[in-house]
Amino acid sequence: QVQLVESGGGLVQPGGSLRLSCAASGKIFSINDMAWYRQAPGKQRGEVARITFGGSTNYRESVKGRFTISRDNTKNTVYLQMNSLKPADTAVYYCSPNLVDSGSYFPQHLWGQGTQVTVSA
């Protein structure tokens with residue numbers, strides 16, 4: 001079994017910052033890409049940022065220059081630093097790693113429980 005624990009969401013004013021964290025634990029053999037997604041009310045879930053094991057990153061256009069994804073492979077943790085937040089960034093944010101667990105050795109695509117980010121004055 002693999003567990004994902006997200007933290008760091010909350011309420012922030014426009015222009016503010018938040019840092020999300022997602023730690024994976026349990027029977028992990030390896031973690032490949034790690035990504036953050038978000039879903040606003042009435043909208044489909046979409047990818048926000050992705051990082052490879054080696055550290056290559058990719059961002060959706062609307063967050064480029066404001067969000068930074070990073071990871072600590074020694075802690076099996078991925079982070080999302082969000083700066084210059086806008087009301088349009090309001091959503092539930094989910095981490096999603098692609099990993100291989102050490103029980104079945106099958107690749108898995110997992111989802112965190114989600115953390116609410118609200119940007120409002």
Side-chain angles (χ1 to χ4, degrees):
Q1 292 285 351
V2 177
Q3 297 80 39
L4 299 176
V5 177
E6 298 182 23
S7 61
L11 173 63
V12 64
Q13 292 186 343
S17 298
L18 285 173
R19 188 192 194 209
L20 306 183
S21 299
C22 174
S25 63
K27 296 183 177 180
I28 299 170
F29 177 73
S30 65
I31 302 179
N32 302 314
D33 288 9
M34 303 181 85
W36 287 95
Y37 289 74
R38 69 186 183 188
Q39 185 168 20
K43 295 188 177 181
Q44 287 189 330
R45 189 176 300 185
E47 186 173 302
V48 176
R50 178 174 295 274
I51 185 167
T52 68
F53 180 83
S56 296
T57 58
N58 193 45
Y59 299 91
R60 70 186 300 159
E61 194 65 33
S62 61
V63 307
K64 284 182 179 179
R66 299 188 297 122
F67 290 13
T68 302
I69 189 171
S70 61
R71 64 190 286 171
D72 184 337
N73 292 330
T74 66
K75 297 180 180 180
N76 291 332
T77 299
V78 62
Y79 307 95
L80 186 67
Q81 177 66 45
M82 304 184 294
N83 299 328
S84 301
L85 282 161
K86 305 175 180 179
D89 296 316
T90 296
V92 178
Y93 284 70
Y94 299 89
C95 71
S96 183
N98 290 312
L99 58 83
V100 176
D101 73 81
S102 58
S104 67
Y105 291 98
F106 288 157
Q108 297 185 47
H109 180 200
L110 301 181
W111 294 95
Q113 81 277 11
T115 185
Q116 177 70 47
V117 171
T118 303
V119 185
S120 175

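If you read the sequence from its start, that first residue is 1, and numbering goes on from there.
- Closest approach of Arg66 and Ser84 over heavy atoms only: NH1-O, 3.0 Å.
- Side chain of Thr90 to backbone of Val119: a donor-acceptor contact under 3.5 angstrom is found.
- Nearest heavy-atom pair, Gln108 versus Leu110, reported as atom, atom and distance to 0.1 Å: OE1-CD2, 3.4 Å.
- For the pairing with Met34, the side chain to side chain contact (heavy atoms under 4.5 Å, CB included) check across Ser70, Pro97, Cys22 returns one residue only, Pro97.
- The NE2 atom of His109 lies 9.5 Å from the CG atom of Asp33; values are rounded to the nearest 0.5 Å.
- Summarising the geometry, atom CG belonging to Asn83 is positioned 6.5 Å from atom OG1 belonging to Thr68; distances are rounded to the nearest 0.5 Å.
- Summarising the geometry, atom OH belonging to Tyr79 is positioned 5.0 Å from atom CG belonging to Asp72; distances are rounded to the nearest 0.5 Å.
- If you take CZ on Arg45 and OG on Ser96, they are separated by 8.0 Å, rounding to the nearest 0.5 Å.
- A continuous path of ILVMFWY side-chain contacts below 4.5 Å connects Ile31 to Leu80, so both sit in one hydrophobic cluster.
- Here the side chain of Tyr59 pairs a donor or acceptor atom with the backbone of Ile69 at under 3.5 angstrom.
- Of all non-hydrogen atoms in Ala91 and Gln39, the two that sit nearest each other are CB-O, 3.4 Å.
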Got a list of side-chain donor-acceptor pairs under 3.5 Å for residues 5-13, not counting sequence neighbours?
from: Glu6; atom 1: OE1; to: Thr115; atom 2: N; distance (Å): 3.3
from: Glu6; atom 1: OE2; to: Cys95; atom 2: N; distance (Å): 2.9
from: Glu6; atom 1: OE2; to: Gly114; atom 2: N; distance (Å): 3.3

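- If you chain together hydrophobic residues whose side chains sit under 4.5 Å apart, Val78 and Val48 fall into the same group.
- By the 30° and 60° cut-offs, the orientation of the rings of Tyr93 relative to Phe67 is tilted.
- With hydrogens and angles disregarded, no donor-acceptor distance shorter than 3.5 Å links the side chain of Arg60 to the backbone of Tyr37.
- Within the model, atoms CG of Leu85 and OG1 of Thr118 stand 10.5 Å from one another, a figure rounded to the nearest 0.5 Å.
- Once rounded to the nearest 0.5 Å, the distance linking OG of Ser104 with CD of Gln1 reads 10.0 Å.
- Clustering ILVMFWY residues whenever any of their side-chain heavy atoms sit less than 4.5 angstrom apart, transitively, puts Ile51 in the very cluster that holds Trp36.
- Met82 places none of its side-chain heavy atoms less than 4.5 Å from the side chain of Asp89.
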